[in-house]
There are 2 protein chains.
Amino acid sequence: MNNSNRTIISRRARPAKQPLSQDLIVQTALELLKSEGSPGLSMRKIAKALDTGPSSLYVYVANLQELSAFVLDNALAKVDFPEEDQGSWKSRLFDVLQSYLSVLYEAPGVAELSLTTIPAGPHSLAMMEYILRQLHEGGIRSTSAAWGVDLLLLYVSSVAFEQSSRDRKGTTLHAISASYRSLDPSQYPLISGLKEELLSSGGQEDKEGQQGYEGEARFRWGLEAILQGIVTRNNG
Amino acid sequence: MNNSNRTIISRRARPAKQPLSQDLIVQTALELLKSEGSPGLSMRKIAKALDTGPSSLYVYVANLQELSAFVLDNALAKVDFPEEDQGSWKSRLFDVLQSYLSVLYEAPGVAELSLTTIPAGPHSLAMMEYILRQLHEGGIRSTSAAWGVDLLLLYVSSVAFEQSSRDRKGTTLHAISASYRSLDPSQYPLISGLKEELLSSGGQEDKEGQQGYEGEARFRWGLEAILQGIVTRNNG
DNA sequence: ACCTGAACACCGTTCAAGT
DNA sequence: ACCTGAACACCGTTCAAGT
């Protein structure tokens, strides 16, 4: 620093520079991820936001990968678990997964994290346990249940990620839409004939609600399909 | 360069420095991706492999994202389509998806690409068309078919990615295994009870074949479950 | 038209040095 | 024990300049 012989003008807007801690780092990282997307999740940017150098973070966090895992689990704290004495197990199951989806939608980067980092934090475990409990109540046990949770969570993460990676760049949606429309129908008759259906990939087609009507319908369709399959495999 | 007054000793091992082209760039990129994983897919490394500077690549490719899309489609050229006059539509469907999975397994980075980049290249379109044709033959049409392909491809990509991101770091599997084993059974009774099933995530438990027996079984289970669901939704 | 060098604005991680 | 500065070895992309 070159302000050694200069009285400090103002100790920043920050509240007197809180001491660092893992929690503070993780929270700052999550804020950056939400405001700037996945490029916001960088050691250097987090350090800058905390008014320090990147090397300081390594006291509380092994590396970026570990930090990412913490950030994901922190975000998952917001997932809502419906009370277990109301409604059917199936409606509760759909509701958690819907809530999980909303949390992932909140920030484009979080969806990517959910696919990229292995979920072993307490919040993710709590969600798995809750889902397993609903499946159990629905008579789905053992292998079917274990593989089923994975499949369901994978589905939700993928939907969220696909969606958020489209939002990232308006170009991409235009690009794919254009490429479908310019297809040679004689070479790709089925794709050509299903253009519209293929493109309604769960996106927010309207500007209003959290998620378009089409998107919500498609999300539930996929969920029902997977669950249907799990149930059938379980009983068959 | 500082060898201006020095006769060139040897024009590298490369065959007399081929002129650049999009195809050469894409192929080199794919080779690097296979040999070094996703960090290998960098403009600078590709340029170095081609014995030029990174800026030279921008004549043939808009940016890294576009190049990635080309690389993915190039890799998908290897997907095998079973002859359509043999076996059932279902066995053909499973076989393409199995072949798709093998291609993604070939390189850890390719699996990641398949999740991250929107597939609009000719090889990916050909695969979609083929799958739609099998579904059509199985009586699955319209929305069910359109959303079904997406779901099936998503599943395969995710399985491949999950697997390859585990291979990347032996630590991660150990870490998750450890975290499951150290769980408080009273807090997470169902997860604790299903430890084994949850951990058999389609991985190669044996050192021999391309894929472990457990892994193959789990992969097919997921496929059957999804397909079952699609069929039921389609008819119901 | 194609290629190059140099620069710009970034990365993650380490490490000796300070308090 | 915690924090810092400086360095190392990387990124993608642009742009003026050369052929």
Side-chain angles (χ1 to χ4, degrees), chain A residues 1-4 8 11-12 14 16-26 28-29 32-33 35-71 109 112-113 116-117 165 168-169 171-172, chain B residues 1-4 8 11-12 14 16-26 28-29 32-33 35-71 109 112-113 116-117 165 168-169 171-172:
Chain A
M1 302 257 175
N2 52 1
N3 56 353
S4 40
I8 295 142
R11 206 65 197 99
R12 314 286 126 62
R14 239 176 300 285
K17 195 171 187 185
Q18 291 174 257
L20 283 180
S21 71
Q22 195 183 85
D23 211 66
L24 184 62
I25 291 170
V26 171
T28 308
L32 276 166
L33 184 64
S35 61
E36 298 183 24
S38 45
L41 196 61
S42 101
M43 294 304 238
R44 294 186 112 102
K45 280 179 185 161
I46 296 160
K48 191 170 280 176
L50 289 167
D51 200 16
T52 181
S55 47
S56 305
L57 306 179
Y58 288 86
V59 179
Y60 303 95
V61 124
N63 50 41
L64 181 63
Q65 194 184 301
E66 191 192 272
L67 176 57
S68 302
F70 287 140
V71 169
E112 191 168 351
L113 272 188
T116 320
T117 83
S165 62
R168 248 188 332 213
K169 266 256 162 194
T171 20
T172 35
Chain B
M1 301 259 174
N2 53 1
N3 57 352
S4 39
I8 296 141
R11 207 64 197 101
R12 312 288 123 63
R14 237 176 300 287
K17 196 173 186 183
Q18 291 174 256
L20 284 180
S21 70
Q22 195 184 85
D23 211 67
L24 183 61
I25 291 170
V26 170
T28 309
L32 276 167
L33 184 64
S35 61
E36 298 184 25
S38 45
L41 195 60
S42 100
M43 294 303 239
R44 292 186 112 103
K45 279 179 186 161
I46 297 160
K48 191 169 280 176
L50 289 166
D51 199 16
T52 181
S55 46
S56 305
L57 307 179
Y58 288 86
V59 179
Y60 302 95
V61 124
N63 49 41
L64 182 62
Q65 194 184 303
E66 191 191 272
L67 176 57
S68 301
F70 287 139
V71 169
E112 190 167 352
L113 271 188
T116 320
T117 83
S165 63
R168 245 187 335 210
K169 266 258 162 195
T171 19
T172 37

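Heavy atoms only: backbone and side chains are in, while hydrogens, waters and symmetry mates are out. By convention in this document, chain letters (A, B, ...) are assigned in the order of the sequence lines, proteins followed by strands, and residues within each chain are numbered from 1.
For Val59(B), counting side-chain heavy atoms from C-beta on, the closest listed nucleotide (dC10(D), dC2(C), dC2(D)) is dC2(C). Residue Ser55(B) has its side chain nearest to dC15(D) when only dC3(D), dC3(C), dC15(D) are considered. Among dC2(D), dC3(C), dT13(D), the nucleotide with an atom closest to any side-chain atom of Leu64(B) is dT13(D). Candidate nucleotides dC3(C), dC11(D), dT13(C) were compared by shortest atom distance to the side chain of Lys45(B), and dC11(D) ranks first.
The shortest distance between the side-chain N/O atoms of Ser56(A) and the OP1/OP2 oxygens of dT4(D) is below 4.0 Å. Applying the 4.0 Å criterion to OP1 and OP2 of dC10(C), one finds that Ser42(A) has every side-chain N and O outside that range. For the pair Tyr60(A) and dC3(D), the criterion of a side-chain N or O lying under 4.0 Å from OP1 or OP2 is met.
dG12(C): Watson-Crick or G-U partner is dC8(D), with both key distances under 3.5 Å. Applying the Watson-Crick and G-U wobble criteria (two distances, each under 3.5 Å), dA17(D) pairs with nothing in any strand. Base-pair partner of dC3(D): not found among the strands shown (Watson-Crick or G-U wobble, both distances under 3.5 Å).
A distance of 12.5 Å separates CG in Leu64(B) from CZ in Arg44(B), rounded to the nearest 0.5 Å. Atom CG of Leu41(B) is separated from atom OG1 of Thr28(B) by 11.5 Å, given to the nearest 0.5 angstrom. Separating the CG atom in Leu33(B) from the NZ atom in Lys45(B) is a distance of 11.0 Å, to the nearest 0.5 Å. A distance of 12.5 Å separates CD1 of Ile46(A) from OG of Ser56(A), quoted to the nearest 0.5 Å.
Distance, Leu41(B) CG to dG12(D) C1': 12 Å, rounded to whole Å. When the P atom of dG5(C) is taken as reference, atom CG of Asp51(B) falls 10 Å away, rounded to whole Å. Rounding to whole angstrom units, CD1 of residue Ile46(B) and P of dC11(D) are separated by 10 Å. Atom-to-atom, CG of Leu24(A) to P of dC3(D) comes out at 10 Å; the value is rounded to the nearest Å. For Gln22(A) and dA1(D), the CD to P distance is 18 Å, given to the nearest whole Å. Regarding Glu36(A), its CD atom lies at a distance of 13 Å from the C1' atom of dC10(C), rounded to whole Å. In this structure, the OH atom of Tyr58(A) is 17 Å from the P atom of dG5(D), given to the nearest Å. Distance, Met43(B) CE to dG5(C) C1': 17 Å, rounded to whole Å.
With P as the reference atom, dA9(D) and dA9(C) are 23 Å apart, rounded to whole Å. A gap of 13 Å separates the C1' atoms of dA17(D) and dC2(C), to the nearest Å.
Contact detail for Glu66(B) and Val61(B): the closest heavy-atom pair is OE2-CA, 3.8 Å. Here the closest heavy-atom approach between residue Ala49(A) and residue Leu32(A) is recorded as CB-CD1, 4.1 Å.
Annotation: of the two residues near DNA chain D, Arg44(A) and Leu57(A), the 5′-most nearest-nucleotide partner is Leu57(A).
Looking at heavy-atom distances under 4.0 Å, Pro39(B) makes no contact with the nucleic acid at all.
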